[in-house]
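Proteins come first, then strands; the chains are lettered A, B, ... in the order of their sequence lines, and each starts at number 1.
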Number of protein chains: 2
Amino acid sequence: MSPIGGHRQNCCSHDEGECGPPGGARVRGFVHSWLLLQLARGPAHGYELLERWEDDEAPDPGFLYRALRGLEEDGLVQSAWDTAGPGPARRVYAITDLGRDYLHAWSVHLRRTRDRLDRFLADYASLVEGKGGERHAQAPR
Amino acid sequence: MSPIGGHRQNCCSHDEGECGPPGGARVRGFVHSWLLLQLARGPAHGYELLERWEDDEAPDPGFLYRALRGLEEDGLVQSAWDTAGPGPARRVYAITDLGRDYLHAWSVHLRRTRDRLDRFLADYASLVEGKGGERHAQAPR
DNA sequence: CCACCTATAGGACTCATACATCTAGATGGT
DNA sequence: ACCATCTAGATGTATGAGTCCTATAGGTGG
């Protein structure tokens with residue numbers, strides 16, 4: 001089955017980009033990089049990071065906590081319980097030097113990824129405008 | 001284990017982005033969108049598309065062929081055997097109108113993804129240069 | 001006729017991420 | 001006291017994109 005959508009010929013076809021990707025296009029490893037970037041700005045706990053993620057595009061909470069523990073397991077962050085303050089205890093994470101190195105490495109790869117996307121979008125744009133006014137050339141049947 | 005790498009504290013730490021992501025950061029659905037874009041320019045067969053992909057970043061052949069068949073199964077492309085010409089028969093694919101719609105929908109999402117990456121990279125850049133006088137750009141929305 | 005190239009294909013696997021739940025302490029209202 | 005609700009973290013399991021390895025089969029050159 002195509003990864004392109006859970007679709008079933010019932011969508012699309014007229015106005016704006018409806019239908020497409022279910023949940024948007026995700027970038028592999030982006031969540032982890034984003035977490036490292038946030039922690040590079042200062043220590044924080046999971047729930048806080050979760051809320052810092054703006055609006056719609058927050059990752060699954062379960063995934064976020066697992067990601068943080070994974071990062072710790074790999075020595076990219078450290079954590080400690082914070083029992084002070086109100087509410088349940090929080091696990092506060094801080095980035096390590098190794099984590100900073102990884103963040104840098106990932107930023108390089110993410111930049112490459114962005115450049116690739118840029119090329120794709122430019123190609124698509126040139127295709128669309130090169131088609132004159134109308135979209136929907138006939139199908140090459 | 002962290003998805004960030006098969007690493008094991010033996011890498012990184014000094015110069016350029018070594019170590020990081022194993023195979024680079026990939027974008028979900030990018031291969032399929034790319035295929036649709038190529039086919040929107042004109043019919044082509046799998047092997048040709050495979051070679052058209054620039055150097056290092058070509059997808060696995062098995063994956064590419066599967067992707068094409070998946071797209072066909074979903075009605076986004078059509079195919080026919082081409083037994084003429086030298087060599088083994090090729091399966092020539094052409095995009096359909098539905099495929100064009102999907103391509104458009106995906107371009108919208110991929111643009112969003114690129115913008116998100118831009119925000120991330122800008123935040124990272126400001127963090128790095130602002131090592132002392134920091135600015136806190138807003139969270140990547 | 002053997003080795004290599006073109007072209008397509010399929011099985012099996014990994015790993016990133018999502019979805020659904022679950023615990024458990026804190027808090028506030030009645 | 002009690003119950004609902006919020007905060008905070010965790011786990012079990014599913015899904016599905018993408019990789020790896022291998023197979024097949026027709027063509028081509030030595």
Side-chain angles (χ1 to χ4, degrees), chain A residues 1-7 21-35 44-53 56-74 79-93 106 109-110 113, chain B residues 1-7 20-35 44-53 56-74 79-93 106 109 113:
Chain A
M1 221 126 305
S2 147
I4 279 235
H7 76 73
R26 282 151 288 184
V27 178
R28 185 154 176 176
F30 184 73
V31 172
H32 296 258
S33 303
W34 188 88
L35 288 174
H45 57 97
Y47 197 83
E48 182 189 345
L49 292 167
L50 199 63
E51 292 189 319
R52 204 181 289 183
W53 214 292
D56 50 320
E57 59 199 22
D60 178 75
F63 178 61
L64 184 135
Y65 288 116
R66 242 193 289 259
L68 285 172
R69 268 177 294 123
L71 290 176
E72 177 161 36
E73 188 178 319
D74 287 344
S79 77
W81 284 103
D82 175 10
T83 48
R90 283 130 282 182
R91 190 179 275 277
V92 175
Y93 289 89
W106 270 89
H109 285 279
L110 288 174
T113 298
Chain B
M1 214 133 304
S2 145
I4 279 235
H7 78 73
R26 282 149 292 184
V27 178
R28 180 151 177 179
F30 183 74
V31 172
H32 297 258
S33 304
W34 188 89
L35 288 174
H45 57 97
Y47 197 83
E48 181 188 346
L49 292 168
L50 198 63
E51 292 189 319
R52 205 181 289 183
W53 214 290
D56 50 319
E57 61 199 23
D60 178 74
F63 180 62
L64 185 136
Y65 287 115
R66 239 193 291 262
L68 285 171
R69 270 173 291 123
L71 291 175
E72 178 161 34
E73 189 179 318
D74 288 343
S79 77
W81 283 105
D82 174 11
T83 48
R90 285 126 283 182
R91 191 178 273 278
V92 175
Y93 289 89
W106 270 90
H109 286 277
T113 298

* **With sequence neighbours excluded, residues passing side chain to side chain donor-acceptor pair (under 3.5 Å) with B/R90** => none

Report the distance from atom [atom1] of [X] to atom [atom2] of [N], rounded to the nearest whole Å.
{"X": "B/F30", "N": "D/dG18", "atom1": "CZ", "atom2": "P", "result": "10 Å"}
{"X": "B/R91", "N": "C/dA7", "atom1": "CZ", "atom2": "C1'", "result": "12 Å"}
{"X": "B/L35", "N": "D/dA17", "atom1": "CG", "atom2": "P", "result": "13 Å"}
{"X": "B/L50", "N": "C/dA7", "atom1": "CG", "atom2": "C1'", "result": "10 Å"}
{"X": "A/Y65", "N": "D/dT13", "atom1": "OH", "atom2": "P", "result": "22 Å"}
{"X": "B/R69", "N": "C/dT8", "atom1": "CZ", "atom2": "P", "result": "10 Å"}
{"X": "A/R90", "N": "D/dA10", "atom1": "CZ", "atom2": "P", "result": "13 Å"}
{"X": "B/D74", "N": "D/dA17", "atom1": "CG", "atom2": "C1'", "result": "14 Å"}

Once rounded to the nearest 0.5 Å, what's the spacing between atom [atom1] of [X] and atom [atom2] of [Y]?
{"X": "A/T83", "Y": "A/R91", "atom1": "OG1", "atom2": "CZ", "result": "12.0 Å"}
{"X": "A/L71", "Y": "A/S79", "atom1": "CG", "atom2": "OG", "result": "11.0 Å"}
{"X": "A/E51", "Y": "A/H45", "atom1": "CD", "atom2": "NE2", "result": "8.0 Å"}
{"X": "A/W106", "Y": "A/H109", "atom1": "CH2", "atom2": "NE2", "result": "7.5 Å"}
{"X": "A/Y93", "Y": "A/D82", "atom1": "OH", "atom2": "CG", "result": "13.0 Å"}
{"X": "B/H32", "Y": "B/L64", "atom1": "NE2", "atom2": "CG", "result": "9.0 Å"}

* Verify the contact: side-chain N or O of A/H32 to OP1 or OP2 of C/dA16, cut-off strictly under 4.0 Å; return yes or no. =>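 Answer is no, no contact under 4.0 Å.
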
Identify each atom pair where a protein N or O and an N or O of nucleotides 19-26 of chain C are less than 3.5 Å apart, giving names and distance.
{"from": "C/dC19", "atom 1": "N4", "to": "A/D60", "atom 2": "OD2", "distance (Å)": "3.3"}
{"from": "C/dA26", "atom 1": "O3'", "to": "A/G87", "atom 2": "N", "distance (Å)": "3.3"}

* Using five base pairs at each end, measure the axis-to-axis angle across the helix from C/dC1-D/dG30 to C/dT30-D/dA1 and round it to 10 degrees. => 0°

* According to the interplanar angle, ranging from 0 to 90°, do the rings of A/W34 and A/W53 count as parallel (below 30°), tilted (30 to 60°) or perpendicular (above 60°)? -> tilted

* **A/R52/A/E48 salt bridge by N-O under 4.0 Å criterion** => yes

